[in-house]
Amino acid sequence: MNHIQGISAFGLKDCVATMDKGCTTNDFYLADAVLPQSALGHIRIGDDAEEERIHSGLRWPPEARVTPEAPLRRVPIPVAWSLLVDAGDRPVRWNAGKGVSIPLATILTAHIKGLVAPNNASSPLSEEIVVAIPDHLDEFGQEALLQAFGRSRNQVQLLWRPVAAAMAWLDLARPADLTDDDFMLVIYMGPDGMEFTTFGLKEEVCKGQRFVLPVRNRPLHGPLPAGWEWACALSAKADSICQEDYGAFWQTFTNFPELWETIAGIDWDVHHLPQPWSTAEGWRSWNPDQSLQEQVYDCALGQSEILLKLLRKSCSIPLTNRKGHGRTWNELLGKELKTALLRQKGKLRGAVLCGPLAPPQIPHWLNQELTLPPGPTPKPDKLWIPSTCNDPVAVGASLFGERLAAHLPTYLDTLPGLALLTQKQGDLEWVDIVKSSECPGGRPYTDSIGNRFFLPENSSSMNIHFKKEIRLDNEKKPKKPVSKFRNEFIRPIEDKVRGLGSVDAVFAHKAWDLHPELRDYARNYAKCLYWKPDLSKSPFRQGSVEFPAAPVKNVHLTVNVEMRPASGLARVQFVPEKEAALMGRPVTFDYSRMAPIAEGDLPEPQLRWPELLHIETTTDTGAFNDTHITNFLQLPDTVNDATFIDNLDAMKVAVCTGVLAPHSGVFLKKIDEKGETNVLQGNAIISKIAARIERQSKRFLEKNRTWVSQNTRIFLIRSSWLWAATPQRVIGYIEHYFLNHEQNRYDRTWNYLVESSSRCFTTDSQFKIIFQQVYNRSVQDQGNPFPLPVMRSLARILTYRETAWQALNNAMVTHFANRTAQIICAEIQQNKVEQIFFQGALFILGLLRVRMAEPSFLDPDEPSDTFKRIEHCLSEGMEIARTQGKPTKTVNLIEQIVNFMYSKGCKGIISQVAAQAGE
């Protein structure tokens, strides 16, 4: 029986392991690949690459020289891995010059195959292998790797590098007495990247055996700086010539092992020193000082300028400036370890320190945070530091393959969330096709999503918008900076920033250097103003799916999905609901070919009803520092009615007066429709006002009175301006008034209390009361059956209260729509497109929320007479507005109202209509 080989091939001390024969490990040198001069040529790897002089950094022969002006044919394997990870979902190639460019995945695959079969690397694989991959390699990079294996793809499994190390430790340590929050830690230090990965632990029994499985979560943040960046920084400490001499630097980086051995804490082989060193100044001796080993952790973080210049002509994407906490490598490693441990709540049951650059002894940065005792073998509650002949990553990869073949548990993983955009009742909604949920490693995840997608009639293609899982550190637009300076002082600075035209120009502008606060504001404002999204990093994509035929009517599609952890792209198929449709053929959807787009370029929803209105409130902490509010709260309980009413009226004005927002120039309210404020002390003050009104209510609100005095009416109206924070005694009195109201007595008090109820009523039962009252009056059709203030009140209820529409019955909805059509049309007959016109439009928009339960209400496909009247008058309103020279935005606003009638509305319109209506 052939055992499955586990491969750790990151370009330094690479290893092939099997469970029966152990590890076969390369020497401690940086692995390269030398690219051919033709597209069909052979990639040299291993010893063949080391023996080549091509771009070795020597001054002679000419083909050995390296320069920023020409592409490199020699590819450091760790750099190739980092570039493949950083590419994300972008295809990435290495330019070898003379029109030859080779995918990085192809280069890495050649390197891997060379480890498996050194003498037959160009042939298909003869055995199954499991290749360890970085924890941040996304499914696009995985797919590229697997495709590069060609006919051998089915013999290759991929496995996360830290998972492999965790499986190797757990297979031997097998910690017992686990609790739900117990976890383990894998620290990987490699030339291509550093990883601090924690795993939950879960027990599982299979075929009579107990297994402890690592539970992987997807990385929340981007990858950490790579070990090759560390080696670049260390080369400058070894000899300053490495900062400017390309060839000298390249030899220390790719040929001499001392930099890498220093990072790994390995003693140098002094018998091989000094080494001949070809520099621009002639031959020198490479013989670094032993003090370099004491400076290794003091190396500064940051990209190497000399390496950036050397690779600029070679790679199709630039090197990513990976961010990390701290200024030095010692600070980075210590802080990342601390951060990893702080993410977990439970007990640390074990840890692994591994990777080619992991030191054999516990370093200072590790000893400060990790209290587990070290040891050379895996044991519970210990830190495992493997011996130099044992690579836990390669061993764990082999173990994974063996268990998978034997149908035994391996690990638990979290798949990347993938979603497609669909439309539901006019609104857009992301539908998960792959849920970010726990699943067994190496096993397929499948799902079927029906009744969410359809191919439109007479169309053979369907537009698709796709979203990948969004990481916490995904690129976001910088926020506009906040300044403590007044608006009139800041505006000239912002104007100057806009006039300079770019971030670079703002940073180069010296006029603000004497005023650091103004300079910082200008620079941060420029970053916000001139920010543009990097589409290559966008999680959103756009494309289309082509079908074999165009249906004569809409065809519902089922989406079938299959995906395996660390196994490339998900397999997505659209299957027609009925076999006879679309010639019965499923269509495969390849999202790797879709074009990236910015979030702002996603389609806007075509809404059938508008969103709710919301009163924006001020964050000014001094907004409630008003003498009228203070005087009201200090009124004694014995105050006479007239004085109380005067102070109540003054307090109401103070609470309702807007506050100027310093940056937008807009007046914001102090209290919203929920009776809440945006200021902590403001909520406390509103509560005190409500309590004070409640105490005084006994003087004004007598029970069972159908006649309301003037003071009582004013008391009720002013109190209702607390909106949902209005005292319950006041709300109850208004409820009682309407429940006991005498028919045909629709006086001024009734009108006022309808308006008050539109602010303070919040329950469905209360909404039913007020809707019924207005309906009863309107159907009598006597006098003024549907006054404008009453229509405004109903519109306020429907546009501010989420469930209010449910209190309407079909008769009410139809009747109110007809009444509103009369009001709008009456305005049009007078050539008026003013406040009353928009008040009617606002009420219609509020009534459209009934479509949630009654899709046929004002149905544009089967338009009723009421629909036709409203649509006609709105269209006439557009023409009148144009004729009268009203602003274009007014005409466009009316057009957007018509769009809502046709179920093609968009967000943000209702607030503009409310503003025109004086709301």
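Numbers here are sequence positions counted from 1.
Looking at R322 and D86, a side-chain N of the basic residue comes within less than 4.0 Å of a carboxylate O on the acidic one, giving a salt bridge. Taking the charged nitrogens against the carboxylate oxygens, D138 and K468 do have a contact shorter than 4.0 Å, which makes a salt bridge. Electrostatic pairing of K886 and E834 counts as a salt bridge here, judged by a charged N lying under 4.0 Å from a carboxylate O. Of the charged side-chain nitrogens involved, at least one lies within less than 4.0 Å of a carboxylate oxygen, so that R796 and E919 count as a salt-bridged pair. Ion pairing between a basic and an acidic side chain is recognised when a charged N comes within 4.0 Å of a carboxylate O; E611 and R849 show no such pairing. Ion pair R541/D89 flagged as a salt bridge, since at least one NZ, NE, NH1 or NH2 atom sits closer than 4.0 Å to an Asp/Glu carboxylate oxygen. Between K669 and E616 there is no salt bridge, since no side-chain N of the basic residue sits under 4.0 Å from a carboxylate O of the acidic one. R523 has no carboxylate O lying under 4.0 Å from a charged side-chain N of D520, or vice versa, which leaves the two without a salt bridge.
Residues passing the ring-ring contact (aromatic ring centres under 6.0 Å, His included) test with W723 are Y800, sequence neighbours excluded.
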Verdict with reasoning, S101 to W94, per side chain to side chain donor-acceptor pair (under 3.5 Å): CA-CA 5 Å; S101 68; W94 190 280; over 6 Å; no

Working for side-chain contact (heavy atoms from CB on, under 4.5 Å), residues E827 and V833: CA-CA 7 Å; E827 290 295 291; V833 183; over 6 Å; no

Test log, rule side-chain contact (heavy atoms from CB on, under 4.5 Å), inputs W329 and L301: CA-CA 6 Å; W329 278 88; L301 291 173; 3.5 Å; yes

Derivation and outcome, side-chain contact (heavy atoms from CB on, under 4.5 Å), residues I910 and T799: CA-CA 9 Å; I910 189 168; T799 54; 3.7 Å; yes

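Inter-residue side-chain proximity for M878 and E895 is flagged as met; some heavy-atom pair is nearer than 4.5 Å.
In the model, H325 has no side-chain atom that pairs as donor or acceptor with a side-chain atom of E331 under 3.5 Å. Judged by distance alone, the side chains of D590 and S592 do bring a donor and an acceptor atom under 3.5 Å apart. Using a 3.5 Å distance cut-off with no hydrogens or angles, the side chains of E871 and S875 do pair a donor with an acceptor. If you check the side chains of T677 and N683, you find a donor sitting under 3.5 Å from an acceptor. R608 and Y902 share no side-chain donor-acceptor pair at under 3.5 Å.
Enclosure of atom NZ in K904 is not indicated, since only 12 or fewer non-hydrogen atoms of other residues, nucleotides or ligands lie within 6.0 angstrom. Annotation for R90: atom CZ counts as buried by contact number, over 12 foreign heavy atoms lying within 6.0 Å. Counting non-hydrogen atoms of neighbouring residues, nucleotides and ligands closer than 6.0 angstrom, the CG atom of L680 reaches no more than 12 such neighbours.
The aromatic rings of Y521 and Y525 sit parallel, their planes meeting at an angle under 30°, below the 60° perpendicular limit.
The minimum heavy-atom distance linking L500 with A505 is given by the pair O-CB, 3.6 Å. Here the closest heavy-atom approach between residue A80 and residue L104 is recorded as O-CD1, 3.7 Å. The two atoms that bring C232 and F253 nearest to each other are SG-CE1, 3.8 Å, heavy atoms only.
With R792 contributing its side chain and G840 its backbone, the two residues share no donor-acceptor pair below 3.5 Å. Looking only at distances, no side-chain donor or acceptor of E599 sits under 3.5 Å from a matching main-chain atom of P539. With Q303 contributing its side chain and T320 its backbone, the two residues share a donor-acceptor pair below 3.5 Å.
Rounded to the nearest 0.5 angstrom, H55 NE2 and L310 CG are separated by 10.0 Å.
With H465 as the fixed residue, the side-chain contact (heavy atoms from CB on, under 4.5 Å) test singles out one of D601, I597, L420: I597.
Aromatic ring centres of F466 and W430 lie farther apart than the 6.0 Å criterion allows.
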